[in-house]
Amino acid sequence: MLIYDIWFLFIYMFSVGNLIFVSKNKHLLVVLLSLEFIVLSIFFFFLVLLMFIDYDMYMLMVFLVFSVCEGSLGLSILVSMIRSHGNDYFQSFSML
Amino acid sequence: MFFFILTNNNSNKMFFLFILFFSTLISISSNSWFGCWIGLEINLLSFIPLISNSKNLLSVETSLKYFLTQSLASINFLFMILIKFSLLKNFNMNNIISIMMNSSLLMKMGSAPFHFWFPNIVEGLSWMNNFMLMTWQKISPMILLSYYFNKNFLIFMIIMNLIIGSLGGLNQTSLRKLLAFSSINNLGWMIFSIMISENLWLFYFLIYSMMIFMMISLFFLMNMYFMNQLFINNMNFFIKLNLLINFLSLGGLPPFMGFMPKWIIINFLLINKFYFLTFIFMMTSLIIIYYYIRIIYSSFMFNYFKMKWVNLLMKNNMSLINLSSFISISSMILSTFIFM
């Protein structure tokens, strides 16, 4: 039985993650964490969706693999930024 | 392009280029929206190593900005796919969902109003990476856009694209940013051609990428990144002529190659009575041609700017330049022989 109120939770989590992503932060790591939070909310949504339709969960695992790859790519860019700038503050962006 | 990569001892970039090509194919040819998302993710994963170079401050910031905008867009796209999947028989939400999906794809392409990252990133990339960004990276979002678009929303976005692309390039001195705004303007034409037919989009896209390739290869060979480098005394006349022809072709002036796809789109617009949209297309094209001509006119008058401290010797590799001039001038007529 579908409970429609649970969709509000997913939309709320997603919106909060987006809000933190676009907010003015001091560190880059906060932005990457908000990306991971959005991924988490989508994971939850996908899980509940697949459970309600009684599908198999394989797609969820594929999604998880790709999201983890993307998260690790973000972290590697963070590392490269720290190697060149010395910190991960947004204030140290001077080139672009 | 492969030649340029091989000469720089960068064979690992070949690997990522290969995966980049395949990611677009995965995204286009998938059976479900989820496969499209996977293709977009692999696209991001393989493009970032191509542009990042940790010894250079500029390329680190570039790859960071690219990563942040593209990953946000693809995650939003996935969320909208899931919402679409969960509301299968509820057709009331179709407008909102299609608007959100189109918005995330437009953000991936660099189209207005999500274009703010695009000139910044283009400023930080080399010419070959710019070529990849402006041509290949636009294929898969556009084809995905053609699968499920919202006509009214896209027409509004097209108008914004045209206006921002034309007015944004007026105050630029960097050649890369100029081509970036011109790319945003051409995105407006391309999105409209998607709404007409996918064949027409393919035609416009191929001709656009050919024109951009000619321009970028010319700038790459002369190692020019800014407008003040264009006023060189020793430049061969044929190089200047090629520059003129390619700029005018990109702007869409009649005897050159770039006029053909715009002509077909205007034909469609006028037959179907889209008069206001035709007016906007025309006026923004005029502004773009204005700032192209502003760049190149002084080198073609008798009394032009002469900077004497630059020596440019290009005697050996003129064949590419001659070939590209020939293609730009004659392909309108030659194409009537092909499509006979």
Side-chain angles (χ1 to χ4, degrees), chain A residues 2 4 6-7 10-11 13-15 17-18 21-22 28 31-32 34-50 52-53 55 58-60 62-63 65-86 88 90 92-96, chain B residues 32-35 37-49 51-88 90 93 100 104 116-125 177:
Chain A
L2 281 172
Y4 283 100
I6 201 164
W7 305 134
F10 304 134
I11 295 178
M13 275 176 81
F14 175 75
S15 315
N18 268 341
F21 187 92
V22 302
L28 179 67
V31 174
L32 294 179
S34 70
L35 266 180
E36 293 304 311
F37 185 69
I38 300 174
V39 162
L40 194 69
S41 79
I42 293 180
F43 186 77
F44 190 18
F45 186 16
F46 210 179
L47 178 72
V48 168
L49 194 66
L50 291 176
F52 275 149
I53 314 177
Y55 274 176
Y58 300 116
M59 225 34 187
L60 189 66
V62 173
F63 158 72
V65 164
F66 277 107
S67 308
V68 164
C69 281
E70 180 191 329
S72 67
L73 180 73
L75 278 176
S76 67
I77 290 183
L78 178 79
V79 165
S80 138
M81 187 190 162
I82 290 185
R83 286 182 71 148
S84 60
H85 288 265
D88 66 340
F90 268 111
S92 57
F93 282 165
S94 58
M95 294 283 167
L96 295 172
Chain B
S32 76
W33 283 109
F34 203 75
W37 177 76
I38 287 179
L40 289 177
E41 283 290 302
I42 300 177
N43 199 3
L44 174 66
L45 285 175
S46 62
F47 193 65
I48 296 278
I51 63 178
S52 77
N53 179 12
S54 68
K55 299 173 189 167
N56 190 358
L57 216 68
L58 193 64
S59 72
V60 165
E61 285 188 18
T62 302
S63 61
L64 181 72
K65 272 196 182 180
Y66 187 76
F67 170 74
L68 286 179
T69 54
Q70 298 277 310
S71 64
L72 181 74
S74 69
I75 282 210
N76 282 357
F77 186 56
L78 179 66
F79 190 72
M80 291 307 143
I81 289 172
L82 288 180
I83 290 210
K84 183 172 186 285
F85 180 44
S86 70
L87 291 173
L88 270 178
N90 182 8
M93 303 277 283
M100 296 298 290
S104 54
F116 294 100
W117 57 275
F118 194 56
N120 285 338
I121 285 183
V122 156
E123 186 66 27
L125 295 177
K177 280 195 178 166

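Order of the sequence lines sets the chain letters (A, B, ...), proteins ahead of strands, with each chain counted from 1.
Looking at Phe66(A), both its backbone and its side chain come within 4.5 Å of chain B, counting heavy atoms on both sides. Contact annotation for Phe14(A): only side-chain heavy atoms (C-beta onward) come within less than 4.5 Å of a heavy atom of chain B. Within the 4.5 angstrom heavy-atom criterion, atoms from both the backbone and the side chain of Leu35(A) approach chain B. Interface residue Ile48(B): only side-chain heavy atoms are found under 4.5 Å from chain A. For Leu78(A), no part lies near chain B; criterion is any non-hydrogen pair under 4.5 Å.
A distance-only check finds no donor-acceptor pair linking the side chain of Ser80(A) to the backbone of Ser76(A) [under 3.5 Å]. Of the possible polar contacts, one joining the Trp37(B) side chain to the Ser74(B) backbone as a donor-acceptor pair under 3.5 Å is found.
Across every non-hydrogen atom of Leu28(A) and Met81(A), the tightest pair is CD2-SD, 3.8 Å. Scanning both residues, Ser104(B) and Ala73(B), for their nearest heavy atoms gives CB-O, 3.4 Å.
Side-chain contact check for Phe118(B) versus Tyr66(B): every heavy-atom pair is 4.5 Å or farther apart.
By number of non-hydrogen pairs under 4.5 angstrom with chain A, the leading residue of Phe67(B), Phe79(B), Phe85(B) is Phe79(B). Considering only heavy-atom pairs separated by less than 4.5 Å from chain A, the leading option among Leu68(B), Ile42(B), Leu44(B) is Leu68(B).
The ring of Phe45(A) has its center closer than 6.0 angstrom to the ring center of Trp7(A).
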